[in-house]
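Below, chains carry the letters A, B, ... as their sequence lines are ordered, and counting in each starts from 1. Heavy atoms only: backbone and side chains are in, while hydrogens, waters and symmetry mates are out.
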Amino acid sequence: MSAIEDTSALPAEAPTRRLPSPRMLILWALIVTFCVVPFGLVLAISFGQKIEGAAWEWAFTGENYLRFFVGADWPESRTTLYLNRLWYSIYYAVIAALIAVLTAFPFAYLLTRLSRRAQSRWLVFLLATMSLSEVFIVMGWDILLSNRSGLPMVLRETGVTAWLKDVGWFAQLREWGLANPRDVKFKTSMVATVLTMSYLVWPYAVILLYPALSRLDQSTVEAARTMGAGPWTVMRTVVLPTVRLPLVGTVFLLFVFLLGTYVSVTVFADPSQQTLAISVYEAVRGSTLNAPFGAAQAVILLITGALCLWLGRTLVARTGTPA
Amino acid sequence: MKGLAHLFMGLAAVVVLLPIVVVSAAALNGGRSMLFPPQDPTLSRFAEFFLTQPVWRDAMLNSVLIAAGSAALAVLIAWPLAYGLWREQGRGAQILAGLGAMPFALPPIVFGVGLGFFWGFSGGLGSLWTGIISHAVLFLALPLVTISIGLQSIDRAHLDAAATMGATEATAFRTIIAPQMLPYTASGFFFAFVLSFNEFIVMFFVSSSAYATVTLQIFNSLRNGFTPTMAVGAITFIAVSVAVFSLVARLGDLPRLMGADQTKS
């Protein structure tokens, strides 16, 4: 690492500060090629068109986007299949992100109150579960929620299912799609999908909230306590206002991350309630094989994410930055 | 109040552990199906995963190769990037670092689709080395962050002192910066390693079914249902993650790396 930049304190070996050094030029080339070009390709291909026979060609047509919003046969007929999928992408991601942040917040707060050693141990635990592949997590929840050996079996064996039927709540569960004619079931259901998705990002939520909560000025908390404020009052009037910004920020970050969830949705969501990530895959690699249309859907997913990040920022800015 | 706090944390840990414990226990099943509690417990699934079944053995080898290769590559790219950012602190370096972190921040499926097209055009689709590069780019943000955190802790007065005593920047780098940066570099490497090891969706598009990593192999077998042999994979992965992050915690200050306030102890 002997490539050198000039600073006032050290002998000048690269005196032309204004011109970027060769090292920086190489870095620019690398980053642009690998980090920017792939996204550019997705955007460019989204304007291409499919040729019958599983290939596509470059073009500049808005057809793919038109198909996304109103269907291929428009104006004869109009379908909202893909808009519907986008809706489910957003719906699952919002709920899962909210659940994760709401439950992770008290946990992260308590975590920062522990000794440094204990914090370190919890962080190892959180990082290990955070990095755990989605396929394993889905596998675990699949066993836990499966009809044969999971929660439905436990409910059946312990008589809860029978009791639910007696009380008449079983009909309500069926209406919610959480029961088949005989048993409680979670596969496939929205509950299982959202549950797995929020499990997926829960450790992320703790780790994202951790810095802000850890830097919280404890003296203000103590001052409030000495003045006779109870723990809940302290939470509401001191802690929450201070960390509102990172709290909102975390929800939006997790939301964008969850927009593209693939495995959980394929396994747990009902075919009629699947998301855009699934149809992106189907178009690019799977059964329908229409790369330009897949790319267009990916672009829409990306724009949705970017829009939400922007919205979150303005929202935070509008409410004003707390001290 | 304190008891309630501990209860809440304990409960959260139990929920987090629940699916992991269930998967791990399922690996002991003697039969072909994933039952909990395990039926007819046996350890032969471990032998199948690591030794006798070539599908899993190859997948494991690919996972390790890609994770190690991409993490090393990510560190190699992140170092000059973080160093340039630290030394120059200019707008250009900031934009560059932002672009480098972009693939990690956006939904991975979009980046996966993009890389699929990218390697399709450049002719590397389905090769192991393109998988390595893809993951290196995806996880570039991790060593970038850990190395930047480390560089911020270096006392610039030491560099000035070295310069006054006639040390060239190369010498200063070797004697002052490099030794202090070792734990941060290692942390960045291990973060990238573990996340690459577990990554699924980008590899899914980039591998183009030409080779499989463990996570891909598990997903491919998903249609036929889970088997206890896959659960062995899950146990292995969890063990690797715990070992690696424990190592990171031992190497350096994990709370600081995660952004905790440094003044408290």
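- Contact tally against chain B (heavy-atom pairs below 4.5 Å) for Phe39(A), Phe257(A), Phe125(A): the top residue is Phe39(A).
- Under the 3.5 Å distance criterion, the side-chain polar atoms of Thr168(B) are matched with a main-chain donor or acceptor of Thr171(B).
- Classified by interplanar angle (parallel below 30°, tilted 30° to 60°, perpendicular above 60°), the ring pair Phe200(B)/Phe219(B) is tilted.
- Ranking Val240(B), Val194(B), Thr215(B) against chain A, the residue ahead of the rest is Thr215(B), based on heavy-atom pairs under 4.5 Å.
- Contact annotation for Leu132(A): both backbone and side-chain heavy atoms come within less than 4.5 Å of a heavy atom of chain B.
- Between chain A and the options Ile20(B), Leu96(B), Leu257(B), the largest number of non-hydrogen pairs under 4.5 Å is found for Leu96(B).
- For the set Gly114(B), Ser246(B), Ala249(B), the count of heavy-atom pairs under 4.5 angstrom toward chain A peaks at Gly114(B).
- For Ile31(A), the part sitting under 4.5 Å from any heavy atom of chain B is the side chain, from C-beta outward, and nothing else.
- Of the atoms belonging to Phe197(B), not a single heavy atom falls under 4.5 Å from chain A.
- Counting only heavy atoms from C-beta outward, the side chains of Ser241(B) and Asn198(B) approach each other to under 4.5 Å.
- Contact count against chain A (heavy-atom pairs under 4.5 Å) is highest for Leu106(B) among Leu106(B), Ile95(B), Val15(B), Val244(B).
- Tested against Val263(A) for a side-chain contact (heavy atoms from CB on, under 4.5 Å), the candidates Val138(A), Ile137(A), Leu200(A) yield a single pass: Val138(A).
- Thr103(A) touches chain B through its backbone: at least one of N, CA, C or O sits under 4.5 Å from a heavy atom, while the side chain does not.
- Within the 4.5 angstrom heavy-atom criterion, atoms from both the backbone and the side chain of Val256(A) approach chain B.
- The residue from Phe136(A), Tyr204(A), Trp141(A) that alone fulfils the ring pair (Phe, Tyr, Trp, His ring centres under 6.0 Å) condition with Tyr199(A) is Trp141(A).
- Of all heavy-atom pairs between Ala97(B) and Leu81(B), the closest is CA-CD2, 4.4 Å.
- The two residues Ala192(A) and Phe268(A) have their closest heavy-atom pair at CB-CD2, 3.8 Å.
- With a 4.5 Å cut-off on non-hydrogen atoms, Ile77(B) touches chain A through its backbone and its side chain both.
- Ring geometry for Tyr281(A) against Phe204(B) counts as parallel: the plane angle stays under 30°, on a 0 to 90° scale with 60° as the upper cut.
- Heavy-atom minimum distance, Val201(A) versus Ala100(A): CG2-CB, 3.7 Å.
- Only the side chain of Val267(A) comes within contact range of chain B, with at least one heavy atom under 4.5 Å from a heavy atom of that chain.
- Your options are Ser120(A), Ser131(A), Ala295(A), Gly40(A), and the one with the most heavy-atom pairs under 4.5 Å with chain B is Ser131(A).
- Note: Trp122(A) and Phe107(A) have perpendicular aromatic rings, judged against thresholds of 30 and 60 degrees for the angle between ring planes.
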*asked:* Go through it in stages, so that I can follow the logic: the residues are Thr112(A) and Leu216(A), the test is side chain to side chain contact (heavy atoms under 4.5 Å, CB included), and I'd like the CA-CA distance, side-chain angles, deciding distance and then a yes or no.
replied: CA-CA 9 Å; Thr112(A) 56; Leu216(A) 193 71; over 6 Å; no
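- A donor-acceptor contact closer than 3.5 angstrom links the side chains of Ser264(A) and Glu134(A).
- If you measure heavy-atom distances from Trp202(A) to chain B, the contacts under 4.5 Å come from the side chain alone.
- The shortest side-chain heavy-atom distance between Phe34(A) and Phe118(B) falls under the 4.5 Å cut-off.
- Interface residue Ile201(B): only side-chain heavy atoms are found under 4.5 Å from chain A.
- With respect to chain B, the highest number of heavy-atom pairs below 4.5 Å among Ala306(A), Gly260(A), Gly294(A) belongs to Gly260(A).
- Tyr210(A) and Gln119(A) are linked by a side-chain donor-acceptor pair at a separation below 3.5 angstrom, with hydrogens and angles left out of the test.
- Using a 4.5 Å cut-off between heavy atoms, Tyr109(A) makes no contact with chain B at all.
- Applying the side chain to side chain contact (heavy atoms under 4.5 Å, CB included) rule to Leu110(A) yields the partners Ala5(B), Phe8(B), Met9(B); only residues at least two apart in sequence or on another chain are considered.
- Both the backbone and the side chain of Ala291(A) come within contact range of chain B, each with at least one heavy atom under 4.5 Å from a heavy atom of that chain.
- Both the backbone and the side chain of Leu254(B) come within contact range of chain A, judged by heavy atoms closer than 4.5 Å.
- Within the 4.5 angstrom heavy-atom criterion, only side-chain atoms of Phe121(B), from C-beta onward, approach chain A.
- Heavy-atom pairs under 4.5 Å with chain B peak, among Leu123(A), Val284(A), Thr33(A), at Leu123(A).
- Of all the listed residues (Leu144(A), Leu127(A), Val280(A), Leu258(A)), the one sharing the greatest number of non-hydrogen pairs under 4.5 Å with chain B is Leu127(A).
- The parts of Pro106(A) that come within reach of chain B are both its backbone and its side chain, each placing non-hydrogen atoms under 4.5 angstrom from that chain.
- Using a 4.5 Å cut-off between heavy atoms, Leu216(B) makes no contact with chain A at all.
- Both the backbone and the side chain of Leu111(A) come within less than 4.5 Å of a heavy atom in chain B.
- Residue contact with chain A, scored on non-hydrogen atoms closer than 4.5 Å, involves the backbone and the side chain of Ala13(B) alike.
- With 3.5 Å as the limit, one finds no donor-acceptor pair spanning the side chains of Ser70(B) and His135(B).
- No part of Ser24(B) comes within reach of chain A, as not one of its non-hydrogen atoms sits under 4.5 angstrom from that chain.
- Between chain B and the options Val37(A), Asp142(A), Thr261(A), the largest number of non-hydrogen pairs under 4.5 Å is found for Asp142(A).
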